[in-house]
Number of protein chains: 4
Amino acid sequence: MASEKASAKALKPRRPQQERGRLRVAALMASAAELFAEKGFEATTMTEVAANACAAIGTLYLFFPTKEALAEAILREQAEEISSQLDCLSERMVGHAPAAIADALFALLGDFLKTHPAYSAMLDLPGDASWRRAIRIRRRNQISALFARAEPALNPEQAERIAVIVPQLMRIPLALTGEKRLRDGVVDELRQMLKAHLEAGS
Amino acid sequence: MASEKASAKALKPRRPQQERGRLRVAALMASAAELFAEKGFEATTMTEVAANACAAIGTLYLFFPTKEALAEAILREQAEEISSQLDCLSERMVGHAPAAIADALFALLGDFLKTHPAYSAMLDLPGDASWRRAIRIRRRNQISALFARAEPALNPEQAERIAVIVPQLMRIPLALTGEKRLRDGVVDELRQMLKAHLEAGS
Amino acid sequence: MASEKASAKALKPRRPQQERGRLRVAALMASAAELFAEKGFEATTMTEVAANACAAIGTLYLFFPTKEALAEAILREQAEEISSQLDCLSERMVGHAPAAIADALFALLGDFLKTHPAYSAMLDLPGDASWRRAIRIRRRNQISALFARAEPALNPEQAERIAVIVPQLMRIPLALTGEKRLRDGVVDELRQMLKAHLEAGS
Amino acid sequence: MASEKASAKALKPRRPQQERGRLRVAALMASAAELFAEKGFEATTMTEVAANACAAIGTLYLFFPTKEALAEAILREQAEEISSQLDCLSERMVGHAPAAIADALFALLGDFLKTHPAYSAMLDLPGDASWRRAIRIRRRNQISALFARAEPALNPEQAERIAVIVPQLMRIPLALTGEKRLRDGVVDELRQMLKAHLEAGS
DNA sequence: CATGAATGAGTTTTCATTCAT
DNA sequence: GATGAATGAAAACTCATTCAT
């Protein structure tokens with residue numbers, strides 16, 4: 001599977017040393033995330049990303065050597081964010097029952113995906129690169145650890161399966177734009193389903 | 001005098017009038033479905049689709065005026081197929097409990113997605129056209145009707161929510177290529193989760 | 001010519017077969033002429049020509065080896081037609097004054113171009129082939145001969161110039177589709193202009 | 001936060017923001033005009049246009065989103081030019097007789113068409129778009145106003161007809177490439193014809 | 001003669017990426 | 001750092017023409 005074509009070219013998203021540069025980079029990433037979420041990674045052009053951030057195309061390439069690198073930077077940042085939130089949650093949830101954890105996880109992931117619509121869209125893309133898989137696995141491990149730490153009695157295999165399932169469950173309501181009532185109902189339905197399952201299984 | 005004006009330019013999407021043509025079309029659609037499933041819609045080129053079917057690029061465009069039209073034709077065909085399978089299932093399931101239906105639905109959708117790997121990948125694409133939405137809604141209505149018909153006591157709103165959720169649940173294991181054990185475990189976990197939920201809810 | 005070869009295979013009578021072929025060819029040429037006039041030579045496709053004549057594309061190529069040959073056949077036929085009409089006119093106009101000839105020519109060309117809208121469009125095309133030039137020159141010579149024969153006193157150089165000008169004058173009103181009043185006025189204006197000029201020059 | 005939404009896809013027809021860009025655009029338009037005049041609009045390829053201007057194909061599309069848009073840009077520019085020349089002429093010709101105006105108009109249009117060989121070829125094309133019609137009508141109105149202003153006694157309907165006719169008269173000699181003597185004679189003949197007509201009509 | 005599926009070179013158009021200023 | 005013009009390989013799409021039936 002090693003089809004990494006960017007081998008010769010050292011992948012180096014440059015780190016801006018100045019405050020203005022950092023703002024620039026943030027604006028570019030926000031612009032890209034917005035467009036990726038809206039029309040998908042492939043359908044978004046680098047020119048659009050730059051224009052949407054009121055920057056020149058050259059400026060965009062100043063910080064991100066390729067479109068793929070731009071996606072990776074965004075995804076890494078968002079993964080970092082959710083990772084620390086999961087760490088936080090893990091602290092708070094020690095000793096709680098799986099069902100309680102499920103509730104909290106639902107709230108956390110629901111909020112995150114709503115405010116970061118590009119996250120799922122970018123993480124589950126066809127032709128997944130190794131770094132994409134790594135991010136998914138890290139998230140999976142973190143969630144399964146969350147359950148394991150809170151409730152050591154929980155079957156670790158099941159914890160892993162749950163860790164796979166929960167983030168994907170959260171994507172379901174995202175597709176129901178324009179049907180708010182249904183979407184909220186689906187969120188509740190999913191939460192009940194998961195909680196009931198965890199209560200039954202423990 | 002040539003009367004019929006030929007409607008400007010719209011003589012492109014020719015449907016095959018001979019047996020050989022019908023075979024060709026089938027081969028082209030199979031080729032496209034295979035590639036769409038493998039590398040995604042955007043990353044697949046029309047040239048590849050044609051070559052993969054041992055046809056010339058012109059032959060492909062003889063039957064499908066655009067790449068989008070090709071995707072639509074494939075999706076419509078597969079949607080038709082699953083639709084009739086759902087009809088069949090609906091017949092057989094009259095009078096069964098929701099949990100039994102869930103089991104049967106799991107089996108049906110699981111098989112279908114395994115043999116039609118392009119289906120989900122193409123149905124849930126960014127920037128969804130109206131025909132895509134129509135297909136999704138039809139499937140949703142059919143599944144909710146399946147539950148409603150088998151178990152008239154079931155809350156119709158819940159049936160709709162379940163109809164939204166189930167097909168998306170089935171997509172989750174698809175992403176787990178190369179982790180067969182985990183994938184099978186996840187399938188079981190999801191089935192149990194859904195069945196338990198439906199049994200509790202009824 | 002009656003072929004008495006009544007063998008096992010029913011042999012269709014040859015004459016009707018040729019007759020049918022002649023009708024086919026006429027229909028194809030009519031179809032092409034219609035489309036060429038409507039959207040131009042380049043913008044018309046061979047497929048459209050065939051479809052517009054309710055024939056298969058292969059049938060079209062049975063009679064015309066290339067698109068260019070199709071155009072040439074149409075133009076030659078129409079040129080032949082107008083040529084014989086000009087011959088007729090030449091007979092009738094012997095001894096008439098140039099102004100009278102101009103009137104008659106106006107009527108003849110006006111009718112012809114109105115019923116053969118492809119004629120001008122095809123004769124004056126960019127990148128003119130030699131046969132196109134030949135047709136134009138033949139028409140020019142015929143018209144100048146018409147004047148010379150009727151009125152031998154007329155300056156032959158002027159006759160040639162008039163022969164160049166008149167067919168082009170007739171094209172002017174053709175562009176005024178949808179402004180019938182203006183078009184008719186322009187026709188009159190042109191006729192007066194030409195007649196006055198010829199009367200003054202003689 | 002990237003506010004301005006970038007209007008979907010319409011950031012293509014970029015107008016040059018630097019001096020160098022303006023030169024490039026001019027060179028591209030000149031290249032296209034040359035080729036359109038030489039081989040016609042349809043027979044000219046965008047690749048040729050770019051190569052003829054020593055530019056890459058992408059550069060051409062940077063400024064002109066389609067071949068049609070390229071034609072429109074050229075035609076609009078040339079129409080603007082002739083329009084201002086007609087304005088100039090209108091100033092100078094106040095109080096002159098129609099015949100004198102005809103002379104001046106002949107000179108002006110003759111020069112213009114000789115130095116802008118693409119103009120007529122592009123303005124009178126099959127399948128005329130609305131913008132093409134608009135340019136023709138503007139020219140017509142300007143010429144008829146020219147007559148009306150110089151000689152208020154002139155019949156306004158006749159002025160309009162003349163305004164339709166004159167530009168088309170000027171096209172006639174253009175077709176006579178390679179027959180210089182004849183062409184010059186035709187120009188004179190046309191001029192006399194028009195002048196005599198206008199003198200007689202007033 | 002008739003047919004229409006098939007071809008593939010050629011055309012238009014896109015867009016990630018580079019580079020001179 | 002910043003800019004935006006420039007690039008060109010690659011993709012979508014067209015259509016005159018051929019050929020097996």
Side-chain angles (χ1 to χ4, degrees), chain A residues 9 14 16-18 20-21 24 42-51 55-68 70, chain B residues 9 12 14 16-25 42-50 55-68 70, chain C residues 12 14 17-18 20-21 24 42-51 55-68 70, chain D residues 9 12 14 16-25 42-50 54-68 70:
Chain A
K9 174 166 305 190
R14 200 188 300 184
Q17 265 92 13
Q18 294 172 7
R20 194 168 53 128
R24 218 43 155 143
E42 306 267 14
T44 300
T45 73
M46 291 297 266
T47 305
E48 281 174 312
V49 170
I57 178 69
T59 307
L60 179 56
Y61 273 90
L62 213 53
F63 298 109
F64 306 99
T66 67
K67 193 181 177 186
E68 185 73 11
L70 172 58
Chain B
K9 200 67 165 276
K12 269 291 282 311
R14 192 189 299 181
Q17 299 172 18
Q18 296 178 2
E19 183 51 27
R20 185 171 47 142
R22 222 156 293 134
L23 286 176
R24 212 56 145 124
V25 168
E42 306 267 14
T44 300
T45 73
M46 291 297 264
T47 306
E48 280 175 313
V49 170
I57 179 68
T59 306
L60 180 54
Y61 276 94
L62 198 58
F63 299 108
F64 306 99
T66 67
K67 194 178 167 185
E68 184 72 11
L70 173 58
Chain C
K12 283 167 267 177
R14 194 170 124 207
Q17 206 167 344
Q18 287 188 351
R20 194 168 52 128
R24 214 60 149 126
E42 306 269 13
T44 300
T45 72
M46 290 298 266
T47 306
E48 281 174 313
V49 170
I57 178 68
T59 306
L60 179 55
Y61 273 91
L62 214 52
F63 298 109
F64 306 99
T66 67
K67 192 181 177 187
E68 185 72 12
L70 173 58
Chain D
K9 201 63 166 282
K12 267 293 280 314
R14 190 190 299 180
Q17 298 173 20
Q18 296 178 1
E19 184 51 27
R20 186 173 46 141
R22 222 156 292 135
L23 286 176
R24 211 63 142 116
V25 169
E42 306 267 12
T44 300
T45 73
M46 290 297 263
T47 307
E48 281 175 313
V49 170
C54 296
I57 179 67
T59 306
L60 180 54
Y61 276 92
L62 197 59
F63 300 108
F64 306 99
T66 66
K67 194 178 168 186
E68 183 73 12
L70 173 57

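Every heavy atom of this structure was used, including side-chain atoms; hydrogens, water molecules and symmetry mates were not. All chains are named by letter (A, B, ...) in the order of the sequence lines, taking the proteins before the strands, and each is independently numbered beginning at 1.
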Nucleotide dA16(E), atom P - distance to CD of E42(A) in whole Å: 9 Å
Sugar-phosphate only, base, or nothing, as touched by F64(C) at under 4.0 Å among non-hydrogen atoms: nothing
Strand partner of dT21(F), provided both Watson-Crick or wobble distances fall under 3.5 Å: dA2(E)
Which residue lies more 5' along DNA chain E, comparing A55(B) with G58(D) via nearest heavy atoms: A55(B)
Distance-minimising heavy-atom pair for A43(C) and E48(C): O-OE1, 3.7 Å
Distance (rounded to the nearest 0.5 Å) between F64(B) CZ and M46(B) CE: 8.5 Å
Among dA2(F), dA16(E), dT11(E), the nucleotide that comes nearest once only the side chain of T45(A) is considered: dA16(E)
Any strand: nucleotide that pairs with dT14(F) via Watson-Crick or wobble, under 3.5 Å: dA9(E)
Rounded distance (Å) that lies between atom P of dA11(F) and atom CG of L70(B): 16 Å
T59(C) side-chain N/O to dT3(E) phosphate OP1/OP2 under 4.0 Å: yes
Closest non-hydrogen atom pair between K67(D) and E42(D), with its separation: NZ-O, 3.3 Å
dA9(F) - base-pair partner by Watson-Crick or wobble geometry, distances under 3.5 Å: dT14(E)
R24(D) side chain near dA6(F) phosphate (N/O to OP1/OP2, under 4.0 Å): yes
Residue met sooner reading DNA chain F from 5', once L60(A) and M46(B) are mapped to nucleotides: L60(A)
Nearest-Å distance for atom pair CZ/P, residues R20(A) and dG1(F): 9 Å
Atom pair distance, as rounded to whole Å: CZ in F63(B) and C1' in dT14(F): 16 Å
Closest approach of I57(A) to T47(A) (non-hydrogen atoms, all atoms of both residues): CD1-N, 3.9 Å
Any Y61(D) side-chain nitrogen or oxygen under 4.0 Å from OP1 or OP2 of dT14(E): no
Closest-nucleotide ordering on DNA chain E, the 5'-leading residue of I57(D) and K67(A): I57(D)
Touch class at under 4.0 angstrom, heavy-atom based, for T47(D) against every strand present: base
L62(D) CG - dT13(E) P separation (whole Å): 15 Å
Nearest-0.5 Å distance, CZ of residue F63(D) to CG of residue L70(D): 12.0 Å
